[in-house]
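What follows is a short report on a single structure.
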Amino acid sequence: MRDLNADPGGLSRDILDWYDRQARDMPWRTGPADRAAGVRPDPYRVWLSEVMLQQTTVAAVTDYFQRFTARWPRVEDLAAAEDADVMAEWAGLGYYARARNLLKCARVVAQELDGTFPDSYEALLKLPGIGPYTAAAIASIAFDRPETVLDGNVERVMARLHDIHEPLPGSKPLLKDRAAELTPEVRPGCYAQAVMDLGATICTPKSPACGICPWREPCAARIAGTAPELPKKTPKKAKPTRHGIVYLARSSAGDWLLERRPDKGLLGGMLGWPGPEWGESPQPAPPFDADWQDLGAEVRHTFTHFHLILRVMVAELPEGFAPAEQQEIITRHAFRPSDLPTAMRKAFDLWRGGQTGGD
DNA sequence: CACACGTGGAC
DNA sequence: TGTCCAAGTGT
């Protein structure tokens, strides 16, 4: 029986033993054989995976990670990529500021740091898109530094292990202290991934599998019977509903009129359909005068902080139409719906669903 | 500190 | 259908 307060080293050994038995396969991880041979994971791949995993599930990330690393195998390759290509490859993954910062960071590393990622928490933290979590993750996983990661999993595991009832986010500093006490000097990267794996597979938000948890004996919340209700969180605001109108203009040849959205703000840097800003009651703002047809059905989409209802209008793009500054005419051949953020892709899907056949 | 910032899966 | 949630960061 481990004593939580007297034997922190015992706890880290218990979870590392558990981790070594799991062998959860992910394309950015090194296998047990590589680890035994002292092979470190590629910092570029660790960085890329950690940025993709911010607020995003392993299942959603895996295919994106494979496509990115196949297309841009090294940080220099990514740094040399066109912005539009990277944004298109990121489309559908969400939180698009991550993709913009990813490129900024790649260019700093490639052009100012000789293609080498910094190996310390403090230096990593200075780079775009790398915050406290990601800096600690890269430093520990790629560079074997005993930094403490604090993500949603670690917060939940620590809150339960110590039966902490103070709500998030106020309890964050306390949870970080508790997590730091357990971080070992040996294999800190494996330890970090082990605690996150524990949170993802056993110490889950609902119905935690305490019976098979490597930390079931020292866990204060399991003993108190409070594990499923931890961590407490301050209540969140209700989501308002916004409305919008999008204008799908297609030429007789099948080319589409799209707009590159400004870098800042919602869906920043992504392609989208022309239309007014979304709000209470958006005013019609067609990109040109035409006999715009209302598709009738509406697009419904929920963002982090509001619901969206979109009307979809369609017209033929006039021959010789001159696109405005931020607009692009994308040829039928070059247009891929998967390059669009999901709300915009849903508008296209609505149009496509109304097409009877042929094309 | 509070808020903006996506998406899709689970229940 | 609605709510919660996932390996957070920037402002």
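Hydrogens, waters and symmetry mates play no part in the numbers below; they use all other heavy atoms, side chains included. Letters A, B, ... mirror the listed sequences (proteins, then strands); counts begin at 1. This is a predicted model, so every value here is computed, not measured.
If you walk DNA chain B from 5' to 3' and mark each nucleotide with an atom closer than 4.0 Å to a heavy atom of chain A, the marks span B:dA4 to B:dG8.
Phosphate contact (OP1/OP2 of C:dA6, side-chain N/O of A:R156, threshold under 4.0 Å): present. For C:dC5, the OP1/OP2 oxygens have a side-chain nitrogen or oxygen of A:K236 closer than 4.0 Å.
Using a 4.0 Å heavy-atom distance criterion, A:M26 is classed as a base contact. Nucleic acid contact for A:R261: none, since no nucleic acid atom lies under 4.0 Å from a heavy atom of the residue. In this structure, A:T134 reaches the sugar-phosphate backbone alone: every heavy-atom distance under 4.0 Å involves primed, P, OP1 or OP2 atoms, never a base. Contacts of A:T342 with the nucleic acid, taken as non-hydrogen atoms under 4.0 Å apart, involve only primed sugar atoms and P, OP1 or OP2. Residue A:V58 is classed as a base contact, given a heavy-atom separation below 4.0 Å to a base. Residue A:G268 is classed as having no contact, given no heavy-atom separation below 4.0 Å to the nucleic acid. Among the protein residues, A:P169 comes within range of no part of the nucleic acid, since none of its heavy atoms lies under 4.0 Å from any strand. Using a 4.0 Å heavy-atom distance criterion, A:I130 is classed as a sugar-phosphate-only contact. Residue A:G199 is classed as having no contact, given no heavy-atom separation below 4.0 Å to the nucleic acid.
Between the CE atom of A:M196 and the C1' atom of C:dA6 there is a distance of 12 Å, rounded to whole Å. Rounded to whole angstrom, the span from the CG atom of A:L266 across to the P atom of C:dG10 amounts to 18 Å. Remark: P of C:dG8 and OH of A:Y96 are 17 Å apart, rounded to the nearest angstrom. Here the C1' atom of nucleotide C:dG2 and the NZ atom of A:K206 are 11 Å apart, to the nearest Å. The distance from atom CZ of A:R98 to atom P of C:dA6 is 15 Å, rounded to the nearest whole Å. Counting to the nearest Å, the P atom of C:dT1 and the NE2 atom of A:H307 are 13 Å from each other. Regarding A:W90, its CH2 atom lies at a distance of 12 Å from the P atom of C:dT9, rounded to whole Å. The distance between atom CD of A:Q55 and atom C1' of C:dC4, rounded to the nearest whole Å, is 12 Å.
For A:K264, the side-chain atoms get nearest to C:dT11 when compared with the rest of C:dT11, C:dG8, C:dG10.
With A:E155 as the fixed residue, the side chain to side chain donor-acceptor pair (under 3.5 Å) test singles out one of A:R178, A:K172, A:K176: A:K172.
Along DNA chain B, the nucleotide closest to A:T56 and the one closest to A:K237 are compared, and the more 5′ of them pairs with A:K237. Both A:L53 and A:N101 sit near DNA chain C, but only A:L53 has its closest nucleotide nearer the 5' end. A residue-by-residue look at A:G170 and A:K346 shows that A:G170 has its nearest nucleotide of DNA chain B further toward the 5' end. Each of A:K172 and A:T57 has a nearest nucleotide on DNA chain C; the 5'-most of these lies closest to A:T57.
Geometric assessment of A:R145 against the ring of A:F143 yields a negative cation-pi assignment under the 6.0 Å and 45° thresholds.
Interatomic distance, A:F288 CZ to A:L317 CG, rounded to the nearest 0.5 Å: 5.0 Å. Distance check, rounded to the nearest 0.5 Å: CH2 of A:W90 to CG of A:L102 gives 5.5 Å.
Using a cutoff of 4.0 Å between basic side-chain nitrogens and carboxylate oxygens, A:R107 and A:D83 are scored as salt-bridged.
Within the hydrophobic cluster formed by Ile, Leu, Val, Met, Phe, Trp and Tyr side chains joined at under 4.5 Å, directly or through other members, A:I223 stands alone, with no partner residue.
Listed by first and then second residue, the ring-ring contact (aromatic ring centres under 6.0 Å, His included) pairs that reach into residues 148-205 of chain A come to none, sequence neighbours excluded.
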Legend entry - Steps toward side chain to side chain contact (heavy atoms under 4.5 Å, CB included) verdict (A:I138, A:Y121): CA-CA 8 Å; A:I138 298 172; A:Y121 173 87; over 6 Å; no

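Counting only distance, with no hydrogens or angles, the side chain of A:N101 and the backbone of A:R98 share no donor-acceptor pair below 3.5 Å.
Here, B:dG6 and C:dT11 have their P atoms 14 Å apart, quoted to the whole Å.
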